[in-house]
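Since the structure comes first, as structure tokens, the remarks are kept for the end.
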Amino acid sequence: QKNSCVLPEDLKNFYLMTDGFQMTWSVKTDDTPMPLGSMVINSVSKLCRLGGSSMYTLPSAPTLADLEDDTDEEGNGDKPEKPHFDSRSLIFELDPCNGNGKVCLVYKHAEPVVSPDTEIWFLDRALYWHFLTKTFTAYYRLLITHLGLPQWQYAFTSYGVSPQAKQWFNMYKPITINTALLSEEADSFVNKLDPNKVFKSKNKTPVLKKKSPSQPPGSQKSHTSMTSAKTSSLAGNSSRK
């Protein structure tokens, strides 16, 4: 009500569930935990507007609108129009990014009436804007998939992340950094499913037992006669004794 604007539906539903979000995680180096990842969504009370006040306490100190660079080309090609620090846009801070910049919720068309359409932008330390997503839901997914790694927002800038941050990306999010490898060998990251093998019938084929070769009748008779002859000779020997 103070800024005469309405939160987008997905962000409104998020704040109805929880008043902000903060999650940090650490890694162990020499048995000592070191904070590494940080995922933050400011609470409603910390959803501060940018560009409305002076950066310094001096009487005639410049504002962000005074420091804005208007020489950038806007809306050329596929590049969206960048936000403005003056009354043309309303900008609210979603994530302070540990001092590496600011993730902002931007109402780009605030005159004469604030448009309900919003976008998520990243403002780096040099006050350059970088587009992230069109909706808060898409940004939230980016935040989770990048694990809150340091400077992950710079992966969406033209100059990329710092060498130190790139080492953490290579360890915990290698596909994000090696995008050229992903585009060249896309098949290596795709699970190839063969339905013939997955849905193969489990019915076992019956195993045919080999029958022993039957003996001819003549051999059976000779075997019987030999057996009777042995029996009679044994009987004769016993009677002699």
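- When all heavy atoms of Trp25 and Leu147 are compared, the pair lying nearest together is NE1-O, 2.7 Å.
- Considering all non-hydrogen atoms of both residues, Leu47 and Phe92 come closest at O-CD2, 3.6 Å.
- For Ser89 (side chain) and His84 (main-chain N/O), a donor-acceptor pair under 3.5 Å exists by modelled atom type.
- The CZ atom of Arg125 lies 10.5 Å from the NZ atom of Lys102; values are rounded to the nearest 0.5 Å.
- One finds the CG atom of Leu36 at 10.0 Å from the OG atom of Ser38 (value rounded to the nearest 0.5 Å).
- Proximity of a side-chain donor or acceptor of Trp152 to a complementary backbone N or O of Leu142 within less than 3.5 Å is not detected.
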Determine, step by step, whether Thr137 and Thr135 satisfy the side-chain hydrogen bond (donor to acceptor under 3.5 Å, both in side chains) criterion, reporting the C-alpha distance in whole Å, the side-chain angles of both residues, the deciding distance to 0.1 Å, and the verdict.
-> CA-CA 5 Å; Thr137 302; Thr135 63; 5.0 Å; no
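- Asp95 places no side-chain N or O within 3.5 Å of a backbone atom of Met39 that could act as its donor or acceptor partner.
- With contacts defined as side-chain heavy-atom distances shorter than 4.5 Å, the pair Ile120/Leu105 qualifies.
- Minimum interatomic distance between His130 and Phe156 (heavy atoms only, all atoms of both residues): CB-O, 4.2 Å.
- The backbone N or O of Thr157 sits nowhere less than 3.5 Å from a side-chain atom of Tyr128 that would complete a donor-acceptor pair.
- In this structure the side chain of Pro35 never reaches within 4.5 angstrom of the side chain of Thr24, judged on heavy atoms.
- Counting heavy atoms from C-beta on, the side chains of Gln151 and Trp168 never come closer than 4.5 Å.
- Centroid-to-centroid, the aromatic rings of Tyr154 and Phe122 come within less than 6.0 Å.
- You'll find the ring centres of Phe85 and Trp129 inside the 6.0 Å limit.
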Under the side-chain contact (heavy atoms from CB on, under 4.5 Å) rule, what do Leu143 and Ile41 come out as? Steps first, then yes or no, please.
-> CA-CA 10 Å; Leu143 175 66; Ile41 302 293; 4.1 Å; yes
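- Contact between Ala165 and Pro150 at its shortest, heavy atoms only, is CB-O, 3.6 Å.
- The closest side-chain heavy-atom distance from Glu119 to Lys108 is below 4.5 Å.
- Put simply, the side chain of Asp30 never gets that close to the backbone of Thr32: no donor and acceptor are under 3.5 Å apart.
- Tyr139 and Met17 fall into different hydrophobic clusters, where Ile, Leu, Val, Met, Phe, Trp and Tyr side chains are chained together by heavy-atom contacts under 4.5 Å.
- For the residue pair Cys97 and Gly101, the shortest heavy atom distance occurs at CB-O, 3.5 Å.
- Other residues, nucleotides and ligands contribute more than 12 heavy atoms inside 6.0 Å of the CG atom of Asp19.
- In the hydrophobic cluster analysis, where Ile, Leu, Val, Met, Phe, Trp and Tyr join through side-chain heavy atoms closer than 4.5 angstrom, Phe21 is grouped apart from Leu16.
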After noting the C-alpha distance and the side-chain angles of Val106 and Phe131, does the key distance pass the side-chain contact (heavy atoms from CB on, under 4.5 Å) rule?
-> CA-CA 10 Å; Val106 178; Phe131 176 76; over 6 Å; no
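- Among residues two or more places apart in sequence or in another chain, the ring-ring contact (aromatic ring centres under 6.0 Å, His included) test is passed with Phe14 by Phe136, Tyr140.
- Between Lys12 and Leu7, the shortest heavy-atom distance links the atoms CB-CB, 4.3 Å.
- Annotation: side chain of Glu93 is in contact with side chain of Asn42 (closest heavy-atom distance under 4.5 Å).
- Taking hydrophobic clusters as Ile, Leu, Val, Met, Phe, Trp and Tyr residues chained together by side-chain heavy-atom distances below 4.5 Å, Val40 does not share a cluster with Met23.
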